[in-house]
Undergrad: 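Once you've had a glance at the structure underneath, I'll fire off some questions.
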Amino acid sequence: MDGGRRNVVLTVVAGVLAVSGLTAVALAVTGQVQPSQPPAAAESAGPPSTAPADTSNALAPSAPLSISIPAIGVSSELQYLGLNPDNTLEVPAPGPLYDVASWYKYSTPPGSVGAAVIIGHVDSLTGGPSVFFDLGALRPFDRILVHRADGQTAIFQVDTVRSYSKRDFPEQLVYGATEHASLRLITCGGPFDVVAGGYLENIVVFASLVDSA
């Protein structure tokens, strides 16, 4: 696919941040994500959920190993990324791991109470579609499976899929703390600005833990 002819976005699981929150993520023509400065605080926030907002099904913390999204054919190992020296979100760099999804390692481990954040590229100029190319096609009640180091699989259900302008990205809604085990997937999408060399929007998938296996 050539640089951004399709309305898709970038994914990440958002959670209670050990540092500060995160803001919108942008994808350049080369496919490099250029995140902006985290917000000052992460307060409790979140969209309406299709799953009960309780902690009875939450899991003890355990590192995530991989993610599967059957509805859009995604199966990816997870790399762990943090923050750049300027306190912006680190994203998969060009190279062999560019198309591998990434867990933001300072967010909640997927399956535990809080918001976990997983990000992935939508595409690149030279490589075409990337791991979260079809993220925007997810619908409520679709399942997302995160396989963990403790042998358990955290099963999330999509609550809603939203698109936000990078100029008006709702940091607290996306990255704020939650009272139940939740997941945020983030990628780039919307119109592609040829002059600026990047997508103008972010696609965010909000999901809640509904089961484990």
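All heavy atoms count here, side chains included; hydrogens, waters and symmetry mates do not. Each residue takes its place number in the sequence, starting with 1.
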Undergrad: Please tell me if the side chains of S62 and P109 come closer than 4.5 Å, counting only heavy atoms from C-beta onward.
TA: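 Side-chain contact under 4.5 Å: no.
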Undergrad: Taking the side chain from D193 and the backbone from V195, do they hold a donor-acceptor pair closer than 3.5 Å?
TA: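 Yes, the answer is positive, given that a donor and an acceptor are paired below the 3.5 Å cut-off.
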Undergrad: Rounded to the nearest 0.5 Å, what's the gap from CD on E90 to CG on L83? Could you check?
TA: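 It comes to 8.0 Å.
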Undergrad: Ignoring hydrogens and angles, tell me if any N or O in the side chain of Q79 forms a donor-acceptor pair with the backbone of L97 under 3.5 Å.
TA: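 Yes, Q79 side chain to L97 backbone: donor-acceptor pair under 3.5 Å.
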Undergrad: Taking the side chain as C-beta and beyond, is there a heavy-atom pair between L138 and I72 under 4.5 Å?
TA: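 Side-chain contact under 4.5 Å: yes.
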Undergrad: Side-chain heavy atoms nearer than 4.5 Å, only ILVMFWY residues, links allowed to pass through others: does that put V100 and V131 together?
TA: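 Shared cluster, no.
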Undergrad: Applying the 4.5 Å side-chain criterion to the ILVMFWY set and letting contacts propagate, would V174 and Y106 be lumped into a single cluster?
TA: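 The answer is yes; both residues are in one hydrophobic cluster.
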Undergrad: L185 and I69: side-chain contact (heavy atoms from CB on, under 4.5 Å), yes or no, with the steps?
TA: CA-CA 11 Å; L185 303 183; I69 313 175; 3.8 Å; yes
Undergrad: Taking the side chain from Y80 and the backbone from P64, do they hold a donor-acceptor pair closer than 3.5 Å?
TA: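 Yes; judged by distance alone, with no hydrogens or angles, the pair exists.
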Undergrad: Indicate yes or no for a side-chain donor-acceptor contact from T153 to the backbone of V146 under 3.5 Å, with no hydrogens or angles considered.
TA: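 Answer holds: no.
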Undergrad: Side-chain contact, heavy-atom cut-off 4.5 Å: W103 with T108?
TA: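 W103 vs T108: side chains apart.
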Undergrad: Please lay out, stage by stage, how R162 and L173 fare under the test side-chain contact (heavy atoms from CB on, under 4.5 Å).
TA: CA-CA 11 Å; R162 297 183 180 178; L173 178 65; 3.8 Å; yes
Undergrad: On a heavy-atom basis, which atom in L145 and which in P70 lie closest, and how many Å separate them?
TA: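 Scanning both residues completely, I find the closest heavy atoms to be CD1-CD, 4.2 Å.
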Undergrad: Donor-acceptor check, side chain of S212 to backbone of A154, threshold 3.5 angstrom: yes or no?
TA: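 Flag not set: sc S212 to bb A154 has no pair under 3.5 Å.
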Undergrad: Would you please test Y175 and F169 for side-chain contact (heavy atoms from CB on, under 4.5 Å) and show each step?
TA: CA-CA 11 Å; Y175 303 111; F169 192 83; 3.4 Å; yes
Undergrad: Given side chains that start at C-beta, do those of Y164 and P170 come closer than 4.5 Å, heavy atoms only?
TA: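 A side-chain contact exists here, since the closest heavy-atom pair is under 4.5 Å.
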Undergrad: For a quick check under 3.5 Å, do S208 and D159 share a side-chain donor-acceptor pair by atom type?
TA: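 D159 and S208 do have a side-chain donor-acceptor pair below 3.5 Å.
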Undergrad: Return yes if some donor-acceptor pair links the side-chain N/O of D168 with the main-chain N/O of S165 below 3.5 Å, else return no.
TA: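 Answer holds: no.
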Undergrad: Quick one: are H121 and Y98 in side-chain contact, heavy atoms under 4.5 Å?
TA: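 H121 vs Y98: side chains touch.
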Undergrad: E201 and S163: side chain to side chain donor-acceptor pair (under 3.5 Å), yes or no, with the steps?
TA: CA-CA 6 Å; E201 300 175 1; S163 182; 2.6 Å; yes
Undergrad: Without swapping roles, check the side chain of R148 against the backbone of P110 for a donor-acceptor pair under 3.5 Å.
TA: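 Side chain of R148 to backbone of P110, a donor-acceptor pair under 3.5 Å: yes, one is there.
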Undergrad: Partners of Q152 by side-chain hydrogen bond (donor to acceptor under 3.5 Å, both in side chains), sequence neighbours excluded?
TA: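 With sequence neighbours excluded, Q152 shows a side-chain hydrogen bond (donor to acceptor under 3.5 Å, both in side chains) to D150, given in chain and number order.
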Undergrad: I'd like to know whether S130 forms a side chain to side chain donor-acceptor pair (under 3.5 Å) with D99, so could you lay out the CA-CA distance, the side-chain angles of the two residues, the decisive distance to 0.1 Å, and finally the verdict.
TA: CA-CA 5 Å; S130 190; D99 295 319; 2.6 Å; yes
Undergrad: Would you say the side chain of E77 lies within less than 4.5 Å of the side chain of I67, judging by non-hydrogen atoms?
TA: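 No - every pair of side-chain heavy atoms lies 4.5 Å or more apart.
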Undergrad: Using the test side-chain contact (heavy atoms from CB on, under 4.5 Å), find all partners of S75 that sit at least two apart in sequence or belong to another chain.
TA: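 S75 satisfies side-chain contact (heavy atoms from CB on, under 4.5 Å) with S68 only.
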Undergrad: Give me the atom names and distance for the closest heavy-atom approach of G127 to S124.
TA: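 So the minimum-distance heavy-atom pair works out to N-OG, 2.8 Å.
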Undergrad: Which of these, V210, L183, L209, sits in a side-chain contact (heavy atoms from CB on, under 4.5 Å) with I144?
TA: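 Passing option: L183.
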Undergrad: Would a hydrophobic clustering, with Ile, Leu, Val, Met, Phe, Trp and Tyr connected at side-chain separations under 4.5 Å, put L81 with L135?
TA: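 Each belongs to a different hydrophobic cluster.
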Undergrad: Could you report the tightest heavy-atom contact between S102 and P92, atom names first, then the distance?
TA: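 Closest pair (atom of S102, atom of P92, distance): CB-CG, 4.1 Å.
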Undergrad: Please check this pair: side chain of K166 against backbone of N202, looking for a donor-acceptor N/O pair closer than 3.5 Å.
TA: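 The answer is no, because no donor-acceptor pair under 3.5 Å joins these two groups.
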Undergrad: So do L200 and R167 actually touch side chain to side chain, heavy atoms under 4.5 Å?
TA: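 A side-chain contact under 4.5 Å is absent here.
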